Enquirer: 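The structure's right below; bear with me while I get my questions together.
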Amino acid sequence: MYKRQISGVLLLDKPPGFTSNAALQKVKRLFHAEKAGHTGTLDPLATGLLPICLGEATKFSQGLLDSEKTYQAVVKLGETTSTGDAEGDILSNQAVDVSRACVEQALSRLLGSVSQIPPMYSALKHRGKPLYAYARKGIQVERAPRKVRIESLRLDNITRQEIKITIHCSKGTYIRVLAEDLGNTLGCGAYLKTLRRTGVGPFRLNQAFTLPQLEAMNLERRDASLLPVDSLVQALPEILLEDENCSNFLHGNAI
């Protein structure tokens with residue numbers, strides 16, 4: 001397959017069952033792109049916004065990696081699993097008797113700067129291998145807690161066994177760990193049933209394209225779906241250079 005130099009940012013609505021890397025490789029093939037990279041891992045279970053940088057845009061991807069994220073999550077109450085999500089084995093089962101007020105109070109206790117221990121079933125690497133590779137062999141690795149920030153937690157819906165919440169948080173937040181912490185706070189246990197990412201930095205899910213939509217396009221229409229490279233730096237202050245400073249700047253000299 002021929003490769004071409006193309007630059008821009010694709011906002012992809014990642015489907016379930018795809019790793020972030022598998023989605024990246026699919027997009028790379030659809031665009032015949034020489035160079036591509038994604039801006040933050042989504043678990044195979046998760047769906048939603050996965051910005052993919054092509055060509056020159058990869059040089060500016062760090063800003064999105066460091067940006068805040070927004071998620072919609074469904075949390076199953078009364079059960080815990082080996083992975084903290086719906087893919088794991090059920091470890092415990094307890095009766096659930098919580099009210100909306102009780103859940104909202106529990107959510108308020110999880111706001112702000114919190115410490116999370118990364119789950120074993122995660123892509124975080126230890127000695128060059130992802131933690132899930134150790135977990136699948138039954139090997140536990142000691143993980144240092146990490147500080148993250150939960151900016152907001154909104155209760156969208158509650159039933160007897162499930163709650164739906166919207167989370168706005170810092171980079172590096174594990175929503176599975178948040179779901180487990182919520183279950184512990186409520187005293188009934190919980191795990192993450194579904195997860196959908198709806199925002200990354202300035203970008204929103206309603207701007208994104210699905211893989212079937214991209215596959216139905218010809219190459220010209222696919223190219224038109226890309227955001228320009230400078231969409232990644234719109235939040236930075238703009239500086240206009242005088243003509244005499246342009247040459248110095250382009251040669252890497254300080255202005």
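Note that the coordinates shown come from a computational prediction; the quantities given were computed from them, not determined experimentally. Just so you know, residue 1 is the first one in the sequence shown, and it goes up from there.
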Enquirer: When hydrophobic residues are tied together by side-chain contacts of less than 4.5 Å, even through go-betweens, does Phe60 share a cluster with Leu64?
Expert: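 Same hydrophobic cluster.
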Enquirer: What residue among Lys28, Lys14, His38 forms side chain to side chain contact (heavy atoms under 4.5 Å, CB included) with Ile52?
Expert: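 For Ile52, the side chain to side chain contact (heavy atoms under 4.5 Å, CB included) test succeeds with only one of Lys28, Lys14, His38, which is His38.
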Enquirer: Answer yes if Leu91 and Leu77 sit in the same cluster of Ile, Leu, Val, Met, Phe, Trp and Tyr residues linked by side chain heavy atoms under 4.5 Å apart, and no otherwise.
Expert: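 Not linked; separate clusters.
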Enquirer: What distance do Leu11 atom CG and Leu227 atom CG have between them, rounded to the nearest 0.5 Å?
Expert: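 Leu11 CG to Leu227 CG: 5.0 Å, rounded to 0.5 Å.
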Enquirer: On a heavy-atom basis, which atom in Ala106 and which in Leu186 lie closest, and how many Å separate them?
Expert: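 Answer, listing the atom of Ala106 first, then Leu186: CB-CD2, 3.7 Å.
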Enquirer: Flag yes if Ile163 and Leu111 sit in one hydrophobic cluster, no otherwise; membership is Ile, Leu, Val, Met, Phe, Trp, Tyr, and two members link when side-chain heavy atoms are under 4.5 Å apart.
Expert: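 Yes, because Ile163 and Leu111 connect within a single hydrophobic cluster, where side-chain heavy atoms sit under 4.5 Å apart.
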Enquirer: Can you tell me how far the CG atom of Leu153 sits from the CD atom of Glu104, to the nearest 0.5 Å?
Expert: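 With rounding to 0.5 Å, CG (Leu153) is 11.0 Å from CD (Glu104).
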Enquirer: Side chains of Arg154 and Thr166: do they bring a donor and an acceptor to under 3.5 Å?
Expert: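 Arg154 vs Thr166: donor-acceptor pair found between side chains.
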Enquirer: Is the number of heavy atoms from other residues, nucleotides or ligands under 6.0 Å of Gln234 CD greater than 12?
Expert: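 Atom CD in Gln234 is packed in, count exceeds 12.
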Enquirer: Nearest heavy-atom pair of Lys147 and Ser113: which atoms, and what distance?
Expert: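 Smallest interatomic distance, heavy atoms only, reads CD-OG, 3.8 Å.
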Enquirer: Salt bridge (charged side-chain N to carboxylate O under 4.0 Å, His left out) between Lys164 and Glu162: does it pass, once the steps are laid out?
Expert: CA-CA 7 Å; Lys164 184 177 182 181; Glu162 294 180 357; over 6 Å; no
Enquirer: Can you tell me which residue among Thr198, Leu107, Leu178 is in a side chain to side chain contact (heavy atoms under 4.5 Å, CB included) with Ile167?
Expert: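 Of the listed options, the one satisfying the test is Leu178.
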Enquirer: Between Thr41 and Ser20, do the side chains contain a donor N or O and an acceptor N or O under 3.5 Å apart?
Expert: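 Their side chains do not contain a donor-acceptor pair, so the 3.5 Å distance test is not met.
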Enquirer: Around atom CD1 of Ile239, are there more than 12 heavy atoms of other residues, nucleotides or ligands at under 6.0 Å?
Expert: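 No, the 6.0 Å shell around CD1 holds no more than 12 heavy atoms from other groups.
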Enquirer: Looking at every non-hydrogen atom in both residues, tell me the closest pair between Gly189 and Thr80 and how far apart they are.
Expert: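 Taking every non-hydrogen atom into account, CA-CG2, 3.8 Å.
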Enquirer: Can you tell me if CG on Asp97 sees more than 12 non-hydrogen neighbours from other groups inside 6.0 Å?
Expert: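 No, CG of Asp97 has 12 or fewer neighbouring heavy atoms, counting only those of other groups under 6.0 Å.
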Enquirer: Could you grab the distance from atom CZ of Arg176 to atom CG of Leu195, nearest 0.5 Å is fine?
Expert: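 So the gap between those two atoms works out to 9.5 Å.
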Enquirer: Would a 4.5 Å heavy-atom cut-off, applied to side chains only, mark Thr39 and Cys53 as touching?
Expert: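 Contact flag for Thr39/Cys53 side chains = yes.
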Enquirer: Please report the shortest heavy-atom distance between Leu219 and Leu30, naming the atom on each side.
Expert: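 The pair with the smallest heavy-atom distance is CD1-O, 3.6 Å.
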Enquirer: Side-chain donor-acceptor pair under 3.5 Å between Thr83 and Asp85, yes or no?
Expert: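 Note: Thr83 and Asp85 side chains meet the donor-acceptor criterion.
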Enquirer: Do you know which two heavy atoms are closest between Leu45 and Pro16, and how far apart they sit?
Expert: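 So the minimum-distance heavy-atom pair works out to O-CB, 4.4 Å.
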Enquirer: Could you grab the distance from atom NZ of Lys171 to atom CZ of Arg146, nearest 0.5 Å is fine?
Expert: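 Lys171 NZ to Arg146 CZ: 8.5 Å, rounded to 0.5 Å.
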Enquirer: Working to the nearest 0.5 angstrom, can you tell me the gap between Thr58 OG1 and Leu232 CG?
Expert: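 Reported to 0.5 Å precision, the distance equals 10.0 Å.
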Enquirer: Passes salt bridge (charged side-chain N to carboxylate O under 4.0 Å, His left out), Asp43 versus Arg197? Steps please.
Expert: CA-CA 11 Å; Asp43 290 339; Arg197 188 156 67 189; over 6 Å; no
Enquirer: CZ/Phe18 to CG/Leu50 distance, rounded to the nearest 0.5 angstrom?
Expert: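 Interatomic distance, Phe18 CZ to Leu50 CG, rounded to 0.5 Å: 11.5 Å.
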Enquirer: Between Tyr191 and Val103, is there shared hydrophobic-cluster membership here, with clusters defined by ILVMFWY side-chain heavy atoms closer than 4.5 Å?
Expert: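 No: no chain of side-chain contacts under 4.5 Å links Tyr191 to Val103.
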Enquirer: Decide whether Leu65 and Val233 are clustered together by the hydrophobic rule: side chain heavy atoms of Ile, Leu, Val, Met, Phe, Trp, Tyr closer than 4.5 Å, transitively.
Expert: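 Each belongs to a different hydrophobic cluster.
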Enquirer: Considering only distance and modelled atom types, tabulate donor-acceptor pairs under 3.5 Å from the side chains of residues 200-215, sequence neighbours left out.
Expert:
unit_1	atom_1	unit_2	atom_2	d
Arg204	NH1	Gly201	O	2.9
Gln207	OE1	Arg204	N	2.7
Thr210	OG1	Gln213	N	3.2
Thr210	OG1	Gln213	OE1	3.4
Gln213	OE1	Thr210	N	2.9
Glu215	OE2	Lys26	NZ	2.9

Enquirer: For Tyr134, which residues count as a ring pair (Phe, Tyr, Trp, His ring centres under 6.0 Å) partner, sequence neighbours excluded?
Expert: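 Tyr134 satisfies ring pair (Phe, Tyr, Trp, His ring centres under 6.0 Å) with His126 once adjacent residues are dropped.
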Enquirer: Taking only residues two or more places apart in sequence or in another chain, which ones pass side chain to side chain contact (heavy atoms under 4.5 Å, CB included) with Pro145?
Expert: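 Here the qualifying residues are Ser115, Ile117.
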Enquirer: How about NZ on Lys76, more than 12 heavy atoms from neighbouring residues, nucleotides or ligands closer than 6.0 Å, or not?
Expert: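 Check passes, neighbour count above 12.
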Enquirer: Run the side chain to side chain contact (heavy atoms under 4.5 Å, CB included) check on Glu180 and Thr81 step by step: do they pass?
Expert: CA-CA 9 Å; Glu180 291 179 315; Thr81 72; 5.7 Å; no
Enquirer: Looking at Arg100, I want to see if its CZ is surrounded by more than 12 non-hydrogen atoms of other residues, nucleotides or ligands under 6.0 Å.
Expert: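 Result for CZ/Arg100: enclosed.
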Enquirer: Search all heavy atoms of Val96 against all heavy atoms of Gly78 and return the closest pair with its distance.
Expert: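 The answer is CG2-CA, 3.4 Å.
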